[in-house]
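Read through the structure below, which is laid out as structure tokens, and then see the notes.
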Amino acid sequence: MTPRNPSHITMDEVNEHEQIKVRRDKLAQLGPDRRLAFRNDFRPSHTVQAIRDRSGDLDPQELEALSDEFALAGRIRAFRPHGKAAFFEIEDATGRLQVYARKDGLGDEAYERVRSLDVGDIAGVRGRLFRTRTDELTIQAGEVTLLTKCIRPLPEKWHGLKDVETRYRQRYVDLMVNPEVREVFRSRSRIIGFVREFLRQRGFLEVETPMMQPMAGGAAARPFVTHHNALDLDLYLRVAPELFLKRLLVGGFDRVFELNRNFRNEGLSTRHNPEFTMLELYQAYADYEDMMSLTEDLFVMLAKEIRGNLRIPCGGREVSLEPPWERLSLTAGVARAAGVEESALETLPDLLRVADKLGLQVDPRLGRGKLLVELFEQLVEPRLIQPTFVLDYPLEVSPLARRNDDDPQFVDRFELFIGGRELANAFSELNDPEDQQRRFEEQAAARRAGDDTACEVDEDYVRALEYAMPPAAGEGIGIDRLVMLLTDSASIRDVILFPLLRS
RNA sequence: GAGCCGUUAGCUCAGCAGGUAGAGCAUCUGCCUUUUAAGCAGAGGGUCGCCGGUUCGAUCCCGGCACGGCUCACCA
């Protein structure tokens, strides 16, 4: 557990924990020259994986005949002393390998130095390979060098580190001792690499747009504020890159994406971290139907790549990513869940009546569109376990989306739900500058009325649309939630290396 | 921001009508040259999250605070 109030503890505090003291003393016994205790002159010749690959199919006799000497470096993860011999395990980024050290092989002095090593120390080992009686591939140490002393004891070897607070605050320890955590973050890296390659192959250009913006637009969320001293200018950390990416469509890049951090000054939960990673992509001459296809393609390929299967575990259930995915209109979903006809959801009083009938707490000041979305979130969203595109959002909750050609009160937009969580949001883009100006003004009015998640009028964005933005569609995919899905993680903190905690 | 739950040794966890605490691993000492959750024998280690209250006496009961978890709210 992290000390809660360490301000009164100093480095020379005498009652240092016994185990730390023992390790510090061992460090001191190496002598006053710190270069010998923290050396950087050992170069491994092989990783554990490379050694296993090299020796994998050799029988014990062939292994004995192999005269190669291997140099291996890593962290000591187990120590089994036996009088005049000792076994320990070295772990590097690729795995663990057992080391066997004998007094009669190393000499008295060198053997004593091996015996003084602790679990957690970083060490280098040189020697030849053999197999033990129990057929364990082992390196017989001809030389063992302490490279870096570990002053603190590692968590228990069998149960590991369980305390979630320590796991998040001291992620380095979590990573050290919990291999499944390392695996999650390796998967995260592979997923992000795969997404980039997927888009690159489809002709998308990866770009970087401002994270510090003079005006926070592109999503309905409260921004973080910061200040530039030299310009004496307040800036907002971006809540979304959307308005900048669409300016690039105007400029002639007709397929762009950005995969990077957004910042929203909102609450924390198992699905929300104040800084999170979002993919946004924009494609000219495409509509939201194209985004649905692209999303299915991407998720299917990712599931095959990462899980090797389209049926993946998700919080104790199974999710099938086999396309095509279900499509459900927002209104139909609410009607079905509420047990009424869609025609009974047409007006604001209709919706209030339904909410009342179901005993739902809703804000009566909401307009029809927001209320419909609210009902959907309460009634339908948590039940959308299998992949579902939710379609046809009300205009008033979608100030940047293109109107539906047949029903101008709705927009051509979908959100994707899997495992009860929103994974993506996409729409055909609004490119009529006059309509956009009016929608911005409605947002600004809502803002003046107290909605601090509503955006302001972005005059330059409207001007950009006046230069003509090609018809286009765009999509945002929550990368953290995508990683949660593909690693079956219950909390966003399990897929973010250093999630925000109170300090 | 609200409700519920949690915080005991380095780690994982027990415990208690209210009588200031235990185990395993880890650590230390001794023995042990093919073990692998090594083994055997012994030892040390705790402001029971923090502050206050009740009480002869509080790890335990009560109040407050801190941090964390879950749920809700917020997050189109």
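Order of the sequence lines fixes the chain letters, A, B, ..., with proteins taken first and strands second; residue numbering starts at 1 for each chain.
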*Determine the sole option in A/Arg247, A/Gln436, A/Gln213 for which the side-chain contact (heavy atoms from CB on, under 4.5 Å) test with A/Asp458 is passed.*
A/Arg247
*Classify the nucleic acid contact of A/Phe130 as base, sugar-phosphate or nothing, counting any heavy atom under 4.0 Å across all strands shown.*
base
*OP1 or OP2 of B/A38 sitting under 4.0 Å from any side-chain N/O of A/Arg80?*
yes
_Least distance between heavy atoms, A/Gly217 atom then A/Val239 atom_ = O-CG2, 3.6 Å
*Most 5' of A/Glu266 and A/Glu89 on RNA chain B, judged by nearest nucleotide*: A/Glu89
*Examine the side chains of A/Gln98 and A/Arg80 and answer whether a donor and an acceptor come within less than 3.5 Å of each other.*
yes
*Starting at NZ of A/Lys103 and ending at P of B/C31, how long is that distance when rounded to a whole Å?*
10 Å
*Looking at every strand, decide which applies to A/Gly105 at a 4.0 Å heavy-atom threshold: base, sugar-phosphate, or nothing.*
nothing
*asked:* Work out how far the C1' atom of B/U59 is from that of B/U20, and round it to whole angstrom.
replied: 8 Å
_I want to check something: taking the side chain as every heavy atom from C-beta on, are A/Lys103 and A/Asp108 in contact at a cut-off of under 4.5 Å?_
yes
*asked:* Quick test of your reading: applying ring pair (Phe, Tyr, Trp, His ring centres under 6.0 Å), list the pairs with at least one residue in residues 392-420 of chain A, sequence neighbours left out, ordered by first then second residue.
replied: A/Phe389-A/Phe414
*Name the closest nucleotide to the A/Arg133 side chain, picking from B/C13, B/C67, B/U35.*
B/U35
*Could you walk me through whether A/Arg222 and A/Glu266 pass the salt bridge (charged side-chain N to carboxylate O under 4.0 Å, His left out) test, one step at a time?*
CA-CA 7 Å; A/Arg222 272 174 282 267; A/Glu266 308 282 0; 3.2 Å; yes
*Counting any heavy atom closer than 4.0 Å, what does A/Arg115 reach on the DNA or RNA strands: base, sugar-phosphate only, or nothing?*
base
_Length of the line joining A/Arg131:CZ and B/U35:P, which is rounded to integer Å_ = 16 Å
*All pairs passing ring pair (Phe, Tyr, Trp, His ring centres under 6.0 Å) where residues 119-160 of chain A contributes a residue, at least two apart*: A/Tyr100-A/Phe130
*When the C1' atoms of B/C60 and B/U8 are considered, how many whole Å apart are they?*
11 Å
*Are the charged groups of A/Arg77 and A/Glu89 less than 4.0 angstrom apart, N to O?*
no
_Whole-Å gap separating P (B/G10) and CZ (A/Arg167)_ = 21 Å
*Has the side chain of A/Asp92 got a donor or acceptor atom that lies under 3.5 Å from a matching backbone atom of A/Gly95?*
yes
*Nearest-angstrom distance, P atom, B/G10 to B/U54*: 32 Å
*For A/Ser269, which contact category applies under a 4.0 Å heavy-atom criterion: base, sugar-phosphate, or nothing?*
nothing
_Suppose we call a contact any N or O donor and acceptor under 3.5 Å apart; does that hold for the side chain of A/Glu165 and the base of B/U7?_
no
*Given the side-chain rings of A/Phe79 and A/Phe88, with only the six-membered ring counted for Trp, is the space between their centroids under 6.0 Å?*
yes
*Say you pick atom P in B/A9 and the same atom in B/C70; how far apart are they, in whole Å?*
23 Å
*Mind calculating the distance between NZ (A/Lys84) and C1' (B/U34) to the nearest angstrom?*
16 Å
*Please check if any side-chain donor atom of A/Thr487 sits under 3.5 Å from a side-chain acceptor atom of A/Ser489, or the reverse.*
yes
*With sugar-phosphate meaning primed atoms plus P, OP1 and OP2, does A/Pro399 contact a base, only sugar-phosphate, or nothing at under 4.0 Å between heavy atoms?*
base
*Members of residues 490-503 of chain A that approach RNA chain B, where some heavy atom sits under 4.0 Å away*: A/Arg493, A/Leu501, A/Arg502
*Length of the CZ-C1' vector between A/Arg96 and B/U35, whole Å*: 15 Å
*Quick one: closest heavy-atom pair of A/Val177 and A/Arg182, and the distance?*
N-NH1, 4.4 Å
*How would RNA chain B look in dot-bracket form, 5' to 3', counting Watson-Crick and G-U wobble pairs with both distances under 3.5 Å and writing | for bases paired to another strand?*
(((((((..((((.....[..)))).(((((.......))))).....(((((..]....))))))))))))....
*What are the two closest heavy atoms between A/Asn262 and A/Ala240, and how far apart are they?*
ND2-CA, 3.8 Å
*Select base, sugar-phosphate, or nothing to describe what A/Ala86 touches, counting heavy atoms under 4.0 Å on all strands.*
nothing
*Using the C1' atom in both, what is the distance from B/G15 to B/A58, to the nearest Å?*
15 Å
*Report yes or no: do A/Asp163 and A/Tyr168 form a side-chain donor-acceptor pair below 3.5 Å?*
no
*Taking CD from A/Gln98 and P from B/A37, how many angstroms apart are they, rounded to a whole number?*
10 Å
*If we take the C1' atom in both B/A17 and B/U55, what is their distance in whole Å?*
14 Å
*Can you tell me how far C1' in B/C48 sits from the matching atom in B/A14, rounded to whole Å?*
13 Å
*RNA chain B: A/Leu161 or A/Ala85, which has the more 5' nearest nucleotide?*
A/Leu161
*Flag the pair A/Ile492 / A/Pro499 as yes when at least one side-chain heavy-atom distance between them is below 4.5 Å, and no otherwise.*
no
*When the C1' atoms of B/G46 and B/A23 are considered, how many whole Å apart are they?*
14 Å
*Separation of A/His82 atom NE2 from B/A37 atom P, in whole Å?*
11 Å
*Should A/Glu374 and A/Val334 count as side-chain neighbours, where that means a heavy-atom distance under 4.5 Å?*
no
*What are the residues of residues 368-383 of chain A, sorted by number, that bring a heavy atom to within less than 4.0 Å of RNA chain B?*
A/Val373, A/Glu377
*May I ask you to verify if any side-chain N or O of A/Arg102 is less than 4.0 angstrom from the OP1 or OP2 atom of B/U34?*
no
*Pick base, sugar-phosphate or nothing for A/Arg222, based on heavy-atom distances below 4.0 Å to the nucleic acid.*
sugar-phosphate
*Figure out the CD1/C1' separation between A/Ile20 and B/G46, and round it to whole Å.*
15 Å
_Donor + acceptor pair across side chains of A/Glu280, A/Tyr282 (<3.5 Å)_ = yes
*Using a 4.0 Å heavy-atom cut-off, write out nucleotides 21-30 of chain B from 5' to 3' as B (base contacted by protein), S (sugar-phosphate only) or - (no contact).*
---BBBBS--
*A/Phe87 side-chain proximity, nearest of B/U33, B/U35, B/G10*: B/U35
